[in-house]
Amino acid sequence: MTSIGANQAEFRLLGYSRSQYVGHNVAEFHVNPEVIAGMLSRLKNGKEVRGCAAPLRCRNGDIRIVEISASVYRENGRFVHVRSVSVDITQRTIEAAAQKRLASIIDSSTDAVLSKDLNGTILSWNRGAEKIFGYTADEVIGKHISILAAPDRIDEFPDILGRIRRGEVVEHYETRRRTKDGRIRRISLTVSPIRDAGGTIVGASKVARDITDQSELAQLQERLGAIVESSDDAILSKDLDGIIQSWNAGAQRLFGYTAEEIIGKPVSILAAPGHVDEIPNILSRIKRGERIDHFQTKRQAKDGRILTISLTVSPVRNADGIIIGASKVARDVTEREEQEAAIRRANDALTRANADLRHFAYSASHDLQEPLRMVSVYAELLRERFAGQLGEAGDQYLTWTLQGAVRMQKLLASLRNYTQVVTTGAEIEREADSNSILQECLVNLRDSITETGATITHTDLPPVRLHEFQLEQIFQNLIGNAIHYRGPDPVRIHIAAKQQGSDFLFSVSDNGIGIEPQFHETIFDLFQRLHTTAEYPGSGMGLAICRQIVERAGGRIWVESEHGTGSTFWFTIPIHKSRK
Ligand code: ADP
């Protein structure tokens, strides 16, 4: 189609002169041949073209977008020419495209972008806003912005709107907002005034970024940093070449170097002579991803002191999981090591002393028996032969000698018992049957039971992890004492046992003279007695023996008593084999 004319505006638009335009095929001016071909084919088919956007090439090479409307003019059914009107829509098209781009940028933003009028009514709402706050655009547009307020931040809105009205921009304002499902998020806000074409402020645009995770991370990092700094242990990090990267106050205290002095230096500075080789070894283990736990070694402080250190070294990885260095926690165990050595020495000495003492007690109790028997045998012989011839005083002396010998024999027997208890370490093969052992004890104590008319009752008793002779010792001593330290009333003794947690709890109760509270502890000590032999004969060893047995079995023994009304002795024996 050939152009046969155009108005001045058209020439101005395209920059051609009348002669450059008129007489040319219109297709020459079109950038997009399909667009013009489409228009022409419509016209040929007798249809109109309405508002078809077409890019045209100007004389200077610029492209302009025009909106063409055209129709065929006929006279008496005959084609005369085509009338075409074009409007320049270049600017409108550019603006529309820019707006579209902007809208898609806003929509694809992970930040919430929204706008509101000066009353705080929400006018627009992007997908980021939907994601952060949980409301869809439909749910919030037209609502007041305060639906997003965290309960403690409701007062902020009038203030922000006031600043916007004054034309201020509120930048990176950190606050808290509430989501649709009630979660509180930390938000960084930037709010700017929106002006109309005349420059009047009509509303505000708001960009909100959810910084909850960031601020939690920052807080966590801060806290971790503070922990590292306040730690008593030396905490440092090094890269894979062993170059020190960080150094806390604990490290400075321990090794004496300041962070400035040591950061950037190789960690081998700290190795004590003879321990330098360890460092490449540690580094190669770290490179393999291994962790070194409580590795005891020697390091040297700045002032030359050699320290015993317990080291824990762990690989440090970057965000991709690649090992980039090592963190190291060093604890000074120099003092602990010295203390442990001292305790070991003291323990050895104690063990030796104890062994000596046991040996002495054992041999004393055995060796003294022989001469003691001689004393009693000859004293007895003296009495048989010379009784009545020694005068009254002589007879009395002999009686006392004999009584002393008997008492000494009893003491030695108790001492032998005691040494037997404390030296017994053999494994317990089978549990002791408490019921039958109690019966044996009652047989042993038959004379005193009959003599005092004591009533002894008991519950069913469980088997316990003790040697039989040990349990016999306990019952014998506790029941013997209950009879021995009887009060004015007929003797009543009750023995009971029950399970309590992982122990069996035994009790032996009497209605005897009782024990004053201040002696409740001491009576379990060796040779501790509350009475003279004249009042109540005894060795002061019975309860000490009981305590030895119970404690060696992993249990506890104690007394509850009121002076004058009786006593209950309690002891526990673990049900299961103790791991000691
Ligand atoms: P011993 O009976 O040979 O003196 P123990 O070690 O058995 O030695 O007892 C220590 C002391 O505890 C006794 O001297 C006595 O004073 C007191 N005692 C022990 N059992 C009882 C009891 N059932 N009632 C009152 N006092 C007791």
Side-chain angles (χ1 to χ4, degrees), residues 357 361 364-365 368 372 403-422 437-438 441-442 444-445 447-449 451-458 466 469-497 505-553 555-572:
L357 206 63
S365 60
L368 291 179
L372 185 61
Q403 279 176 353
V406 169
R407 186 163 145 64
M408 181 82 112
Q409 266 164 351
K410 284 189 177 156
L411 274 173
L412 286 182
S414 297
L415 197 57
R416 259 201 319 281
N417 265 339
Y418 184 78
T419 54
Q420 192 185 11
V421 165
V422 296
I437 289 170
L438 175 64
C441 287
L442 297 182
N444 294 345
L445 292 165
D447 289 350
S448 50
I449 293 172
E451 188 186 312
T452 56
T455 312
I456 301 182
T457 53
H458 66 93
L466 282 178
F469 81 89
Q470 291 179 320
L471 186 60
E472 189 180 326
Q473 290 271 333
I474 297 176
F475 281 152
Q476 189 103 17
N477 277 309
L478 295 183
I479 300 167
N481 281 348
I483 299 172
H484 197 51
Y485 299 101
R486 63 185 172 278
D489 296 333
V491 181
R492 275 183 289 106
I493 300 168
H494 183 65
I495 301 115
L505 174 65
F506 283 78
S507 60
V508 177
S509 315
D510 64 49
N511 61 341
I513 57 170
I515 303 161
E516 288 181 74
Q518 69 267 32
F519 302 119
H520 287 184
E521 292 283 336
T522 50
I523 50 169
F524 294 97
D525 293 341
L526 202 55
F527 304 124
Q528 285 301 317
R529 311 205 59 239
L530 308 181
H531 310 277
T532 61
T533 311
E535 286 174 304
Y536 290 98
S539 66
M541 265 189 266
L543 293 179
I545 289 174
C546 294
R547 185 170 70 178
Q548 275 289 337
I549 296 170
V550 169
E551 288 183 354
R552 285 168 76 90
R556 223 158 60 76
I557 185 166
W558 69 101
V559 68
E560 280 168 11
S561 174
E562 240 179 82
H563 194 48
T565 58
S567 316
T568 299
F569 283 81
W570 299 92
F571 64 95
T572 62

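Remember, predicted model here, so these are calculated numbers, not experimental data. One-based numbering, in listed order, for ligands and for the atoms of each. Atom set for the values below is all heavy atoms of this structure, side chains included, hydrogens, waters and symmetry mates excluded.
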Tell me whether [X] reaches ligand 1 (any heavy atom closer than 4.0 angstrom to a ligand atom).
{"X": "Asp510", "value": "yes"}
{"X": "Phe569", "value": "yes"}
{"X": "Gly512", "value": "no"}

Value for CD1 (Ile483) from CD1 (Ile449), rounded to nearest 0.5 Å, stands at 4.5 Å
Distance col, row Ile493:CD1 vs Ile479:CD1, nearest 0.5 angstrom, shows 7.0 Å
Please state which protein non-hydrogen atom is closest to [atom] and give its distance, to 0.1 Å?
{"atom": "atom 12 (O) of ligand 1", "answer": "Ile523 CG2, 3.2 Å"}
{"atom": "atom 26 (N) of ligand 1", "answer": "Ile515 CG1, 3.3 Å"}
{"atom": "atom 21 (C) of ligand 1", "answer": "Tyr485 CD1, 3.5 Å"}
{"atom": "atom 4 (O) of ligand 1", "answer": "Arg529 NE, 2.5 Å"}
{"atom": "atom 5 (P) of ligand 1", "answer": "Leu543 N, 3.6 Å"}
{"atom": "atom 7 (O) of ligand 1", "answer": "Asn481 ND2, 2.9 Å"}
{"atom": "atom 10 (C) of ligand 1", "answer": "Gln528 O, 3.3 Å"}

Which of parallel (below 30°), tilted (30 to 60°) and perpendicular (above 60°) describes Phe524 and Phe569?
perpendicular
For [X], take its heavy atoms, then give the atoms of ligand 1 lying under 4.0 Å from any of them.
{"X": "Gly514", "answer": "25 (C)"}
{"X": "Gly542", "answer": "5 (P), 6 (O), 7 (O), 8 (O)"}
{"X": "Ser567", "answer": "24 (N)"}

Using side-chain heavy atoms (C-beta onward) and a distance below 4.5 Å, is [X] in contact with [Y]?
{"X": "Ile495", "Y": "Ile456", "value": "yes"}
{"X": "Thr457", "Y": "Arg492", "value": "no"}
{"X": "Ile474", "Y": "Ile545", "value": "no"}

Might you work through the side chain to side chain contact (heavy atoms under 4.5 Å, CB included) test for Arg486 and Asp510, ending with a clear yes or no?
CA-CA 8 Å; Arg486 63 185 172 278; Asp510 64 49; over 6 Å; no
Honestly, for Met541 the part within reach of ligand 1 (heavy atoms, under 4.0 Å) is backbone
- Are the side chain of Asn511 and the backbone N or O of Pro490 linked by a donor-acceptor pair below 3.5 Å? yes
Note to self: Donor-acceptor check, side chain of Thr572 to backbone of Arg556, threshold 3.5 angstrom: yes or no?
What the structure shows: yes
